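Report on one structure; see the data block that follows.
Computed from a predicted model, the values in this text were never measured in an experiment. Quick note on labels: first sequence line is chain A, next is B, and so on, each numbered from 1.
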There are 2 protein chains.
Amino acid sequence: MDTTARADWKLTYRRDCPSRTVIEVLANKWALYVLGALRRYDRPMRFNELRRVLDGITQKMLTQTLRALERDGLVSRTVYPTVPPRVEYELTALGVEAGQLTAAIADWSVAHAQEILTARGRFDERDAAPPAPVR
Amino acid sequence: MDTTARADWKLTYRRDCPSRTVIEVLANKWALYVLGALRRYDRPMRFNELRRVLDGITQKMLTQTLRALERDGLVSRTVYPTVPPRVEYELTALGVEAGQLTAAIADWSVAHAQEILTARGRFDERDAAPPAPVR
DNA sequence: CTGAATCCCAGAGGATACTG
DNA sequence: CAGTATCCTCTGGGATTCAG
């Protein structure tokens, strides 16, 4: 690993740190889901297949997310000039690495969802229960 | 780890999977930064200290993010009834776990920022360079 | 010092229709 | 099938002000 990454970590939180622009691509639910799905299935996937898997994503967001990931070199896009057209998306080596990180978040969230939802419920209950009105 | 998390991973991508609400709290740049900072400094931190560290965050977003993390049981909030008021934020055990995942993303982004920014430049160049006009 | 409350708006993101 | 193009809504999030 790059040692400078660890030495200068305080810089990560500076507004002008270039890594912020990278983090902000990854810190996005759809990017996280797309990377996750591509990593889980571990094979090239077509546009509509991804769309079906990522329940609830709109075509616009899927296109947009795939473009952003392709732009950053995390996903490769291959067009087969057939008819009907066929386009396959696949993780690059870099994308596989990123996918492992985002998949870890997804896994962890699934594993702790119940626990967290319970905490959330407790918090909301306190919040929703104002101090007994003075009488 | 929870075995069901791995067995049912396809469910992660379903719209109604409860884990989605958890993922979506984590898949947020400010949450990622806050967890990262608390984990890096590894000690309770005060509101304005966090604000200074997280260059560019507004008071509103910091409050909002801390609330969300507190609600989900990832951060604890301790008020010392002194004057002036003093409030300390600290990661819970759960928050430390989540912080490791988000810090991994931050580290990775820093380590690969240059590489990714280069890819981004290449992509934008192609994009901005339409095919040479026929002559 | 640690917030809560308002105002405001650019832009994220959904729905729908059209195209090669 | 794999998009692009619009339109339109809603909210993330910044700036500012006030309060305990």
Side-chain angles (χ1 to χ4, degrees), chain A residues 13 15-16 20-21 23-34 37-38 43-71 75-90 123-124 126-128 130-131, chain B residues 13 15-16 20-21 23-34 37-38 44-71 75-90 123 126-128 130-131:
Chain A
Y13 302 106
R15 196 200 314 255
D16 56 358
R20 274 210 179 185
T21 69
I23 293 177
E24 281 158 31
V25 168
L26 263 29
N28 168 291
K29 66 172 181 175
W30 291 124
L32 193 146
Y33 290 144
V34 167
L38 284 173
R43 59 174 173 75
M45 293 179 75
R46 302 180 60 174
F47 187 86
N48 279 341
E49 186 182 10
L50 274 169
R51 179 136 76 123
R52 278 189 301 274
V53 169
L54 303 175
D55 190 28
I57 195 172
T58 61
Q59 146 275 46
K60 179 181 174 181
M61 289 315 299
L62 181 52
T63 299
Q64 194 170 305
T65 304
L66 285 169
R67 282 290 173 284
L69 295 176
E70 184 194 357
R71 180 165 110 107
V75 162
S76 69
R77 177 174 184 271
T78 309
V79 181
Y80 297 90
T82 61
V83 44
R86 174 176 163 190
V87 181
E88 289 189 341
Y89 294 91
E90 188 171 15
F123 184 94
D124 291 346
R126 279 185 215 292
D127 193 37
Chain B
Y13 303 105
R15 196 199 315 254
D16 56 356
R20 273 210 179 184
T21 68
I23 293 176
E24 282 158 29
V25 168
L26 264 29
N28 167 291
K29 66 171 181 176
W30 291 124
L32 193 146
Y33 291 144
V34 166
L38 284 173
M45 292 179 76
R46 301 181 59 176
F47 188 86
N48 278 342
E49 186 182 10
L50 274 169
R51 179 136 76 123
R52 277 188 302 274
V53 169
L54 303 175
D55 190 29
I57 196 171
T58 62
Q59 170 272 332
K60 180 181 173 180
M61 288 316 299
L62 181 52
T63 299
Q64 195 170 304
T65 303
L66 285 169
R67 282 290 172 284
L69 295 176
E70 184 194 359
R71 180 165 108 107
V75 161
S76 70
R77 176 173 184 271
T78 310
V79 181
Y80 297 91
T82 61
V83 43
R86 173 176 162 190
V87 181
E88 288 190 342
Y89 295 91
E90 190 171 15
F123 184 94
R126 276 184 218 294
D127 195 34

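Atom CE of A:Met45 and atom P of D:dA2 are 11 Å apart (whole Å). The interatomic distance linking A:Lys29 (NZ) with C:dG13 (C1') rounds to 9 Å, in whole Å. Rounded to whole angstrom, the span from the CD1 atom of B:Ile57 across to the P atom of C:dG3 amounts to 13 Å. Summarising the geometry, the separation between CZ on A:Arg52 and C1' on D:dC1 is reported as 10 Å, rounded to the nearest angstrom. Remark: P of C:dC1 and CG of B:Asn48 are 5 Å apart, rounded to the nearest angstrom. Distance CD (A:Glu49) to C1' (D:dG3): 17 Å, rounded to an integer number of Å. A straight line from OH of B:Tyr33 to C1' of D:dG13 spans 15 Å, rounded to a whole angstrom. What separates CG of A:Leu66 from P of D:dC1 is a distance of 16 Å, to the nearest Å.
Applying the 4.0 Å criterion to OP1 and OP2 of C:dT2, one finds that B:Arg51 has every side-chain N and O outside that range. The shortest distance between the side-chain N/O atoms of B:Arg46 and the OP1/OP2 oxygens of C:dT2 is below 4.0 Å. Considering only side-chain N and O atoms, A:Tyr89 lies nowhere under 4.0 angstrom from the phosphate OP1 or OP2 of D:dC1. Taking only side-chain nitrogens and oxygens, B:Arg77 never comes nearer than 4.0 Å to OP1 or OP2 of C:dT2.
Note that OG1 of A:Thr65 and OH of A:Tyr89 are 11.0 Å apart. Values are rounded to the nearest 0.5 Å. Atom CZ of residue A:Arg71 and atom CZ of residue B:Arg126 lie 14.0 Å apart, to the nearest 0.5 angstrom. Taken to the nearest 0.5 Å, the CZ atom of B:Arg20 stands 6.0 Å off from the CG atom of A:Asp55. To the nearest 0.5 Å, atom NZ of residue B:Lys29 and atom CG of residue A:Leu26 are 14.0 Å apart. The CG atom of A:Leu66 sits 10.5 Å away from the CE atom of A:Met45 when rounded to the nearest 0.5 Å. One finds the CD atom of A:Glu49 at 9.0 Å from the CD atom of A:Glu88 (value rounded to the nearest 0.5 Å).
Closest non-hydrogen pair, A:Leu62 versus A:Phe47, comes out as CD2-O, 3.6 Å. Taking both residues in full, the closest heavy atoms of A:Asn28 and A:Trp30 are given as OD1-N, 2.8 Å, listed atom of the first, atom of the second, then distance. Closest non-hydrogen pair, B:Ala37 versus B:Leu50, comes out as CB-CD2, 4.2 Å.
Counting heavy atoms from C-beta outward, A:Gln64 and A:Met61 have side chains that approach closer than 4.5 Å. No side-chain heavy atom of A:Thr63 sits less than 4.5 Å from a side-chain heavy atom of A:Lys60.
The rotation axes computed at either terminus of the helix from C:dC1-D:dG20 to C:dG20-D:dC1 lie 50° apart, taking five pairs at each end and rounding to 10 degrees.
Within 4.0 Å (heavy atoms only), B:Gln64 reaches no atom of the nucleic acid at all.
Considering only side-chain atoms of B:Met61, the nucleotide from D:dG14, C:dG13, C:dA5 that sits closest is D:dG14.
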How far apart are the C-alpha atoms of B:Tyr33 and A:Glu24, what are their side-chain angles, what is the distance that settles it, and do they pass the side chain to side chain donor-acceptor pair (under 3.5 Å) test? CA-CA 10 Å; B:Tyr33 291 144; A:Glu24 281 158 31; 3.0 Å; yes

Give me, pair by pair, the N or O atoms of the protein and of nucleotides 18-20 of chain D that are less than 3.5 Å apart, along with how far apart they are.
none

Contacts under 3.5 Å, N or O only, protein and nucleotides 8-10 of chain C:
none

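In terms of position along DNA chain D, the nucleotide closest to A:Glu88 lies nearer the 5' end than the nucleotide closest to the other residue of the pair A:Glu88 and B:Gln59.
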